[in-house]
Amino acid sequence: MYRYDEFDHQFVKERTAQFRDQADRRLKGELTEDDFRPLRLMSGFYLQLHAYMLRVAVPYGTLSSRQMRQLGMIADKYDRGYGHFTTRQNIQYNWIKLEDTADILQALAEVEMHAIQTSGNCIRNVTTDHWAGAAADEIADPRPVGELLRQWSSLHPEFSFLPRKFKIAVTGAPNDRAAIKVHDIGLRLHKNDKKEVGWEVMVGGGQGRTPMIAVTVRDFLPEKELVAYLEAIMRVYNLYGRRDNKYKARIKILVHEIGAEKFRAEVESEYLRHPQQTTEVETRELARIAAYFAEPKYEKLSRFVPAFEEAKRGNPDFARWVKNNTAAHKRDGYTIVNISLKAAGEIPGDATGEQMRVMADLAEAYSFDELRVSHAQNIVLAHVKLADVFTIWQKLGEHGLAAANYGLTGDIIACPGLDYCALATARSIPIAQSISRKFADYTRQEEIGNIKINISGCINACGHHHVGHIGILGLDKKGEEYYQITLGGSSSENASIGTILGPGFAGHEVPDAIDKILNTYVKLRAPHEEFLATYRRVGATPFKEALYATA
Amino acid sequence: MPLLKNSAFVADEWVHLDDDTALADANRVTVSFARLQKDWDTLAKFPGVLGVRLPNTVRATDLMPYLSQLGLIVLSFPGFNDGRAYSLARQLRLDGYQSELRATGNVLPDQFQFMRQVGIDSVEVTERFPLDVWQRASRQMSLSYQRGLFHPVDEREVWSERHQGFAAWEEQPHAG
């Protein structure tokens with residue numbers, strides 16, 4: 001993975017000093033809270049319901065063991081012993097004291113991390129496929145471009161005061177695990193007829209209160225032109241994006257209001273206006289970065305590992321976990337291990353400092369010293385030898401990390417909701433907990449199969465409810481929390497926005513409602529048909545009948 | 001309001017005319033963009049140096065016909081979170097404008113470095129912050145990752161530093 005050179009170190013060091021100075025000036029009263037707000041946001045500090053929240057960037061979701069241990073240290077020393085992995089592959093700490101903030105940034109800098117641009121109206125952490133570099137279906141590892149864009153977007157003087165926040169997602173595989181079509185910019189690496197590598201550039205996707213699927217502005221952008229082209233898109237957005245209403249300020253609204261054709265014409269004309277901008281240095285920089293992401297030193301292994309097969313035969317729980325939580329690796333004898341942070345009744349995405357250290361140790365011993373955070377709030381060990389899987393599973397089990405529900409009913413995405421968030425209208429966490437408890441039985445979960453249940457505590461949709469196969473949106477009606485259910489959303493390459501099924505439910509009614517929806521699906525599905533396919537085939541009516549007919 | 005230029009507060013040498021005031025004897029005069037467009041035939045004959053005050057909703061391309069004859073462009077920052085003029089500044093510099101670019105409006109010391117980097121060289125500042133705060137806040141980052149920015153000699157562009165020697169002679173323009 002990427003390592004800082006002297007420039008990266010210097011950059012983060014100066015930035016940390018700059019924040020220290022800004023915080024000092026705020027404490028001395030030289031800056032008002034209004035002045036300080038945009039500055040602290042650009043450094044990742046939010047003022048939440050109970051305390052400051054610090055959001056730390058995990059660029060393209062990749063962490064070294066050392067970095068993960070430091071995150072655990074911060075959880076123990078400066079928070080209440082845990083951290084929350086987010087749907088943007090970041091981690092946030094919910095109980096931070098203002099006086100500790102500069103020291104925490106310092107501790108992050110020591111392990112080549114920062115919180116730059118994890119909030120504010122700027123380009124946020126670039127996200128990508130959590131199986132990058134390991135997945136069997138991948139064309140190329142998208143993380144070098146993720147790092148290129150991290151650097152390019154860091155303290156970009158032109159794009160630090162955009163109309164609204166800006167999210168870029170990148171994938172190098174045809175199966176989209178990075179939800180690129182619901183990002184402000186989605187980039188898909190692919191090859192043209194001449195076998196050259198380039199980008200499909202999509203713009204204007206997003207969730208929030210106006211969910212939209214991105215439109216393609218370029219089918220095939222040569223790889224070396226990416227930064228110059230993104231500058232053109234960003235400039236058009238910065239100049240013409242709406243600033244009169246923050247709910248209409250995302251780029252998706254601009255694209256929608258002027259139309260995809262007009263938007264594309266604006267971008268192309270801006271791009272062609274300044275051809276004196278060059279691309280050679282960017283190309284060389286990408287090559288320099290890519291060297292850090294060279295394949296790890298895989299051993300030549302057999303696809304069949306007798307001890308592994310033996311362990312599965314002798315231990316049904318292990319066999320189940322392997323079936324549900326591992327995925328195909330591009331190399332024989334290796335697998336991708338997905339650690340579920342969704343044990344029944346637990347808070348989705350939360351991990352204790354101790355759990356972070358355990359996962360870091362496992363990565364160091366068995367997965368080339370590297371971990372991933374997934375946008376579904378799980379942790380991935382991307383390159384594990386089949387021969388080591390049983391040992392890893394046992395160790396995970398000792399620390400409450402061996403839930404065998406990856407991709408199943410219990411693997412719920414949930415935002416922090418009203419338990420923490422100042423914007424929330426309802427709680428998300430208790431709903432996720434009650435659903436995962438109700439469906440704790442693995443046999444039932446496996447019978448249902450792959451399903452994405454996503455929960456947001458307000459219409460800003462941090463819990464991705466619009467693109468959940470089943471989406472749950474928490475709202476407030478005259479002081480009472482209630483929950484709207486949508487069906488048919490997807491964040492994959494066949495992205496779609498879910499449709500509201502009908503009147504909402506009280507929190508305690510939600511698990512039963514989900515139960516009825518899933519029973520209906522199981523009754524109606526064709527052999528091997530997954531939930532989304534069934535829904536798209538039969539439509540909403542049978543689900544509505546199941547939910548509301550007898551109510 | 002004090003005018004910050006080259007790390008010092010200096011006197012404003014320009015006279016800023018509203019749309020109803022006749023062209024003064026002054027040597028340096030700014031007018032609104034609306035007046036520039038409307039009265040260009042007259043203004044083009046002005047013997048002194050002409051400047052323009054630009055709302056941040058103007059398109060840079062609309063300024064092209066006048067660019068070579070302007071000695072000052074005043075960019076507007078109505079709120080410190082309204083970043084449109086950063087892009088305008090960058091476009092004007094890319095279009096070849098070489099005279100003074102000035103920022104006016106609600107501007108914080110912490111933003112001055114960004115402004116300088118996109119080619120703005122003077123700022124009308126409020127009296128809330130003393131000079132040393134402006135000087136310190138605007139010099140905190142000695143590195144930038146982006147290229148093609150405006151820097152004093154002791155500030156460096158990371159990518160250019162890493163790939164020294166290539167920028168000058170080997171580069172190809174992008175597809176445009």
Side-chain angles (χ1 to χ4, degrees), chain A residues 5 7-8 10-11 14-15 17-18 21-22 25 30-31 34-35 38-39 120-122 150-163 221-222 224-225 227-229 231-232 234-236 238-241 243 268-282 284-285 288, chain B residues 56-57 59-61 77-91 94-96 108-111 113-120 128-130 133 136-137 140-150 156-164 166-167 170-176:
Chain A
D5 70 356
F7 294 109
D8 301 310
Q10 177 77 10
F11 186 87
E14 288 179 2
R15 177 61 180 167
Q18 185 177 29
D21 177 65
Q22 288 165 348
R25 279 185 286 147
E30 289 172 23
L31 291 174
D34 273 358
D35 298 332
L39 304 176
N121 293 337
C122 47
R150 181 192 73 83
Q151 297 185 19
W152 161 74
S153 62
S154 289
L155 305 188
H156 197 302
E158 188 181 345
F159 307 131
S160 288
F161 299 92
L162 297 167
L221 180 74
K224 63 174 182 154
E225 294 182 42
V227 170
Y229 197 78
E231 294 242 341
M234 296 309 302
R235 188 166 298 141
V236 166
N238 192 33
L239 285 167
Y240 311 125
R243 291 173 187 265
E268 291 293 328
S269 117
E270 180 57 36
Y271 185 55
L272 299 182
R273 227 158 74 85
H274 303 298
Q276 69 268 38
Q277 286 181 51
T278 54
T279 58
E280 183 62 25
V281 163
E282 282 70 15
R284 285 174 189 279
E285 179 58 19
R288 187 192 72 88
Chain B
N56 66 3
T57 48
R59 282 182 174 252
T61 42
F77 289 82
F80 56 74
N81 56 0
D82 186 339
R84 279 177 277 203
Y86 291 98
S87 282
L88 264 178
R90 195 120 161 83
Q91 286 180 314
L94 287 167
D95 287 342
L108 287 174
D110 303 84
Q111 298 179 302
Q113 186 157 22
F114 286 158
M115 292 187 173
R116 238 188 31 221
Q117 288 173 335
V118 296
I120 291 170
R128 278 180 57 201
F129 304 103
V133 171
R136 198 177 68 230
Q140 286 179 331
M141 297 300 296
S142 74
L143 298 170
S144 66
Y145 285 107
Q146 304 76 26
R147 297 196 305 130
L149 305 181
F150 290 78
R156 296 180 298 166
E157 292 180 352
V158 175
W159 289 359
S160 305
E161 293 287 322
R162 282 180 182 149
H163 306 284
Q164 259 176 8
F166 297 109
E170 229 184 68
E171 290 207 77
Q172 299 298 312
H174 72 60

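Each chain gets a letter, A, B and so on, in the order its sequence line appears, and its residues count up from 1.
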Return the option, out of A:Glu270, A:Gln22, A:Arg288, with the maximum number of heavy-atom pairs under 4.5 Å with chain B.
A:Arg288

Could A:Arg235 and A:Tyr271 be counted as a cation-pi pair, given that NZ or CZ must be under 6.0 Å from the ring centre and within 45° of the axis?
no

Between A:Asn238 and chain B, with a heavy-atom cut-off of 4.5 Å, which part of the residue counts as in contact: side chain, backbone, both or neither?
both

A:Leu155 versus chain B, heavy atoms under 4.5 Å apart: side chain, backbone, both or neither?
both

Side chains of A:Gln18 and A:Arg15: do they bring a donor and an acceptor to under 3.5 Å?
yes

Pick one of side chain, backbone, both or neither for A:Ser154, based on which atoms fall under 4.5 Å of a heavy atom in chain B.
both

Less than 4.0 Å between a side-chain N and a carboxylate O, is that true for B:Arg162 and A:Asp5?
yes

Side-chain H-bond candidate by donor/acceptor type, B:Tyr145 with A:Asp8, under 3.5 Å:
yes

Part of A:Glu268 within contact of chain B (heavy atom distance under 4.5 Å):
neither

Between chain A and each of B:Arg128, B:Arg156, B:Gln113, B:Glu161, count heavy-atom pairs under 4.5 Å; write down the option with the most.
B:Arg128

Output the distance between atom CG (A:Leu162) and atom CG (B:Asn81), rounded to the nearest 0.5 Å.
11.0 Å

Counting only heavy atoms closer than 4.5 Å, note whether A:Tyr229 contacts chain B via side chain, backbone, both or neither.
neither

